[in-house]
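For reference, positions follow the sequence shown, starting with 1. Values in this document were obtained by computation on a predicted structure and should not be read as measured data.
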Amino acid sequence: MTFGEPESQLARGLAPLGAFALGLALERLVPHAALRPAWRANLGLWLIDALLMAVVCGTCGFAVAALASSAGFGLLNATGAPLWLGVAVAVAALDLLSYVWHRANHQLPFLWRFHRVHHADADYHVSTALRFHPGELLLALPVRLAAIVALGAPPLGVVVFEAIFGIANVLEHGNFDLPRRFEHFVGVALVTPALHRRHHSTERSERDSNYGTILSVWDRIARTLRPNSSAAVFATGLAEMPGAGSRSLAAMLVAPLRSR
């Protein structure tokens with residue numbers, strides 16, 4: 001079977017959807033804390049993002065990778081790397097790019113105006129994974145596409161990355177606990193819910209850590225890893241955006257226009 005854009009769109013949609021269902025189930029079985037998720041704001045932002053990106057981009061990552069491949073453009077295409085290596089390198093490289101971009105979103109004031117909408121959710125929950133300002137996604141799009149072209153990522157590598165990234169993004173926002181030994185073992189290589197939960201702490205010093213999405217190795221190399229476990233309980237969200245405002249879809253959409 002030929003793997004084309006329709007299959008790419010299906011994989012990109014089903015992977016995080018399955019992870020979301022799993023995350024909700026785990027939150028009921030082994031909940032970390034009692035929460036009141038901001039469903040209206042989170043799902044509202046997700047719906048706007050999904051419609052906007054479908055119009056602006058759709059499967060443009062796959063399409064750009066296919067164009068670069070046919071033209072022989074990019075590092076992997078120029079070196080004639082086998083497909084299996086291209087997929088592996090694409091996943092690792094695009095995850096590294098995600099780390100760098102995520103860190104920039106915290107350190108550059110203009111980008112933080114948009115990214116803080118994600119952090120404003122005080123009830124850390126799988127639906128928090130859906131909570132991104134559309135402006136943040138639009139700003140990230142050309143960066144990701146340029147990286148795909150420069151790398152010469154194979155179309156399959158882009159699809160595999162987007163599927164794994166979608167799963168990791170959803171599950172690491174889960175309000176559930178993992179067994180201690182399993183959590184420690186997985187956390188050596190991958191980002192766990194506990195590690196990413198620390199990134200959502202109300203404390204600035206803790207928020208500026210654990211930027212990874214799939215692999216935790218980037219935080220280890222850059223010394224931005226802040227260990228955490230399911231046993232730790234602390235406040236999440238933004239102290240400067242508390243209360244009903246952070247639960248309002250309208251307030252979150254206009255948040256980048258505010259000075260704080």
Side-chain angles (χ1 to χ4, degrees), residues 31-38 41-42 45 95-133 135-136 139-140 143 165 168-178 180 183-247 251-252 255-256 258-260:
H32 174 73
L35 298 179
R36 187 167 63 94
N42 295 354
L45 284 169
D95 189 49
L96 173 59
L97 173 67
S98 174
Y99 169 90
V100 174
W101 178 252
H102 190 180
R103 191 167 178 177
N105 272 263
H106 281 251
Q107 297 181 347
L108 300 181
F110 177 72
L111 296 180
W112 174 247
R113 283 177 174 268
F114 295 91
H115 187 60
R116 64 183 178 177
V117 169
H118 177 65
H119 278 269
D121 195 352
D123 294 287
Y124 187 85
H125 174 257
V126 287
S127 67
T128 307
L130 311 176
R131 183 192 180 101
F132 289 94
H133 193 280
E136 178 178 347
L139 289 168
V143 176
F165 187 91
N169 179 53
V170 170
L171 291 180
E172 70 193 24
H173 286 93
N175 177 43
F176 57 83
D177 291 338
L178 294 175
R180 183 176 59 85
E183 183 173 69
H184 176 74
F185 175 75
V186 172
V188 171
L190 304 177
V191 177
T192 64
L195 281 176
H196 198 68
R197 189 179 298 118
R198 181 64 68 182
H199 175 72
H200 279 256
S201 169
T202 55
E203 297 295 327
R204 173 68 185 271
S205 61
E206 297 183 343
R207 189 169 70 230
D208 291 342
S209 66
N210 297 359
Y211 295 106
T213 299
I214 299 175
L215 301 173
S216 61
V217 65
W218 313 126
D219 281 295
R220 295 182 187 279
I221 293 173
R223 297 183 179 181
T224 53
L225 185 72
R226 185 119 182 192
N228 190 40
S229 70
S230 292
V233 178
F234 49 88
T236 57
L238 293 178
E240 64 268 28
M241 298 177 70
S246 65
R247 305 180 67 86
M252 292 297 95
R258 297 171 179 168
S259 61
R260 289 193 63 185

Taken to the nearest 0.5 Å, the spacing of Leu190 CG from Leu215 CG works out to 6.5 Å
- How long is the span from the CD1 atom in Ile214 to the CG atom in Leu96, to the nearest 0.5 Å?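 The CD1 atom of Ile214 sits 11.5 Å away from the CG atom of Leu96.
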Treating [X] as the side-chain partner and [Y] as the backbone partner, does any N or O pair qualify as donor plus acceptor under 3.5 Å?
X	Y	result
Asn42	Leu130	no
His199	Ser209	yes
Thr213	Asn169	no
Arg113	Arg258	yes
Thr192	Glu183	no
His119	Leu238	no
Ser201	Arg198	no
Asn210	His196	no

- Task: State yes or no: are the ring centers of His115 and Trp101 separated by less than 6.0 Å?
- Result: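 Here the rings of Trp101 and His115 have centres that are no less than 6.0 Å from each other.
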Practice task
Report yes if the distance between the aromatic ring centroids of His118 and His133 is under 6.0 Å, otherwise no.
Solution key: no
Can you confirm whether more than 12 heavy atoms, excluding those of Phe185, are under 6.0 Å from its CZ atom? no
With a 6.0 Å cut-off (strictly less than), is the heavy-atom count around CZ of Arg180, excluding the residue itself, greater than 12?
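No, the 6.0 Å shell around CZ holds no more than 12 heavy atoms from other groups.
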Does one side chain, of Asn175 or His32, offer a donor that lies under 3.5 Å from an acceptor on the other?
no
With Asp123 as partner, the option from Arg36, Arg131, Arg247 fulfilling salt bridge (Lys or Arg N to Asp or Glu O under 4.0 Å) is Arg247
Between Leu225 and Leu195 the two heavy atoms that sit nearest each other are CD1-CD2, 4.1 Å
